[in-house]
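Structure, as structure tokens:
All chains are named by letter (A, B, ...) in the order of the sequence lines, taking the proteins before the strands, and each is independently numbered beginning at 1.
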Number of protein chains: 2
Amino acid sequence: MTKAREAALEILRNADEPQTAAAVFQQAGNSCDLATVYRTLHYLEKHGYAESFVLYCNEHGTERYYTALSSGNSGSSAHRHWFHCEGCHRFIEIGNCTVNSLAKEFEIEHNLSVSRHILYFIGRCSDCR
Amino acid sequence: MTKAREAALEILRNADEPQTAAAVFQQAGNSCDLATVYRTLHYLEKHGYAESFVLYCNEHGTERYYTALSSGNSGSSAHRHWFHCEGCHRFIEIGNCTVNSLAKEFEIEHNLSVSRHILYFIGRCSDCR
DNA sequence: CCTTCTTTGCAAATGACTTGCATTTTCAGC
DNA sequence: GCTGAAAATGCAAGTCATTTGCAAAGAAGG
């Protein structure tokens, strides 16, 4: 684990919301190149330290957001889902998600395999309504 | 409704899967500019003729996919969700989706408003397993 | 140390999508 | 049917997140 990777992972672990590459770059104090941040995030995801999803927001456009997974090296912790506020751009975790069982049903019904799923909500939080 | 918009809407209505701007452009036989296709799809979505979502696929990257909404004054069709096969890149509709009720619960629980949600599955269909 | 493999920085490239602007279409009102 | 203002289109150039080529810097093992 190199210094840049350690730093990025620490940033993701300390964050309570999904982070974009640009956000990680900024929090790292520009201590490394943005291209390195992208490569680092790919590395972290590939090796099971983080997961990501692509989210579209009116104001920020389409960006990939990363979250740390609790246990690294492919020992996966639970996949999470988020609500994104279009006002303040904060994220709130959607707990208690039933998508997994929905995916399982769908797999059986269609005799196929679902390797991942994406779910998120967009709206306005209680402060921004 | 101009010719280009009529054509794009017809393409979406005849499609049984979500279509990208590039796909609509191609099916339109390059009869208009790609920029016009983008503008047209924005128009259709803004005016309730279509809806869209952004999906990431390993092979095709991040793209926006459009589906027609049945825009008769009688009934606008419900928002739909899709499974995307990473092998053949076909889409299969996920029927019977419980996300709406999940969103409603979440709204009440957090005193916020969810204006839209994104859900899709990625995997391999029965032909591509 | 020295060699080799990996990672990084920098700059340039990519690809989906957007936009400025001049030209064409559309369409309501004659 | 004509006409003119408003809207739509084509083309080219721009934007923006993300990726990649390549040479230099760093790590790891002998």
Expressed in angstrom and rounded to an integer, what is the separation of [X] atom [atom1] from [N] atom [atom2]?
{"X": "B:M1", "N": "D:dA7", "atom1": "CE", "atom2": "C1'", "answer": "15 Å"}
{"X": "B:L55", "N": "C:dA16", "atom1": "CG", "atom2": "P", "answer": "14 Å"}
{"X": "B:E6", "N": "D:dA8", "atom1": "CD", "atom2": "P", "answer": "14 Å"}
{"X": "B:H60", "N": "C:dT14", "atom1": "NE2", "atom2": "P", "answer": "19 Å"}

Side chains of [X] and [Y]: closer than 4.5 Å at any heavy-atom pair?
{"X": "B:N111", "Y": "A:R129", "value": "yes"}
{"X": "A:I122", "Y": "A:E86", "value": "yes"}
{"X": "B:V24", "Y": "B:L12", "value": "yes"}

Legend entry - N/O donor-acceptor pair under 3.5 Å between A:E45 side chain and A:S52 backbone: yes
Would you list the protein and nucleotides 23-25 of chain C atom pairs, both N or O, that sit under 3.5 Å from each other?
none

Inset, instruction - Supply the atom-to-atom distance A:S113 OG to A:I108 CD1, rounded to the nearest 0.5 angstrom. - result: 12.5 Å
For nucleotides 25-30 of chain D, list the nitrogen or oxygen atoms of the protein found under 3.5 Å from its nitrogen or oxygen atoms, one pair per line.
none

Inset, instruction - Would you please name every residue forming a side chain to side chain contact (heavy atoms under 4.5 Å, CB included) with A:T2, sequence neighbours left out? - result: A:A4, A:R5
Inset, instruction - Report the relative orientation of the aromatic rings in B:F53 and B:Y65; use parallel for angles under 30°, tilted for 30 to 60°, perpendicular for over 60°. - result: parallel
Inset, instruction - Evaluate the ring planes of A:H117 and B:F121, with Trp represented by its six-membered ring, and classify them as parallel (under 30°), tilted (30 to 60°) or perpendicular (over 60°). - result: perpendicular
Aromatic centroids of [Y] and [X] separated by under 6.0 Å:
{"X": "A:H110", "Y": "A:F106", "result": "yes"}
{"X": "B:Y38", "Y": "B:H42", "result": "no"}
{"X": "A:F91", "Y": "A:F83", "result": "no"}

Inset, instruction - Using the salt bridge (Lys or Arg N to Asp or Glu O under 4.0 Å) rule, collect all pairs that involve residues 88-107 of chain B, keeping only residues at least two apart or in two chains. - result: B:R80-B:E93, B:R90-B:D127
Legend entry - Angle between terminal axes - the helix from C:dC1-D:dG30 to C:dC30-D:dG1, 5 pairs each end, rounded to 10°: 30°
Taking N or O atoms only and anything under 3.5 Å, show me the protein contacts with nucleotides 18-22 of chain D, one pair per line.
{"from": "D:dT18", "atom 1": "OP1", "to": "A:R64", "atom 2": "N", "distance (Å)": "2.8"}
{"from": "D:dT18", "atom 1": "OP2", "to": "A:Y38", "atom 2": "OH", "distance (Å)": "2.7"}
{"from": "D:dT19", "atom 1": "OP2", "to": "A:H42", "atom 2": "NE2", "distance (Å)": "2.9"}
{"from": "D:dG21", "atom 1": "O6", "to": "A:R39", "atom 2": "NH1", "distance (Å)": "3.4"}

Inset, instruction - Flag yes if more than 12 heavy atoms outside B:Q26 fall under 6.0 Å of its CD atom; otherwise flag no. - result: no
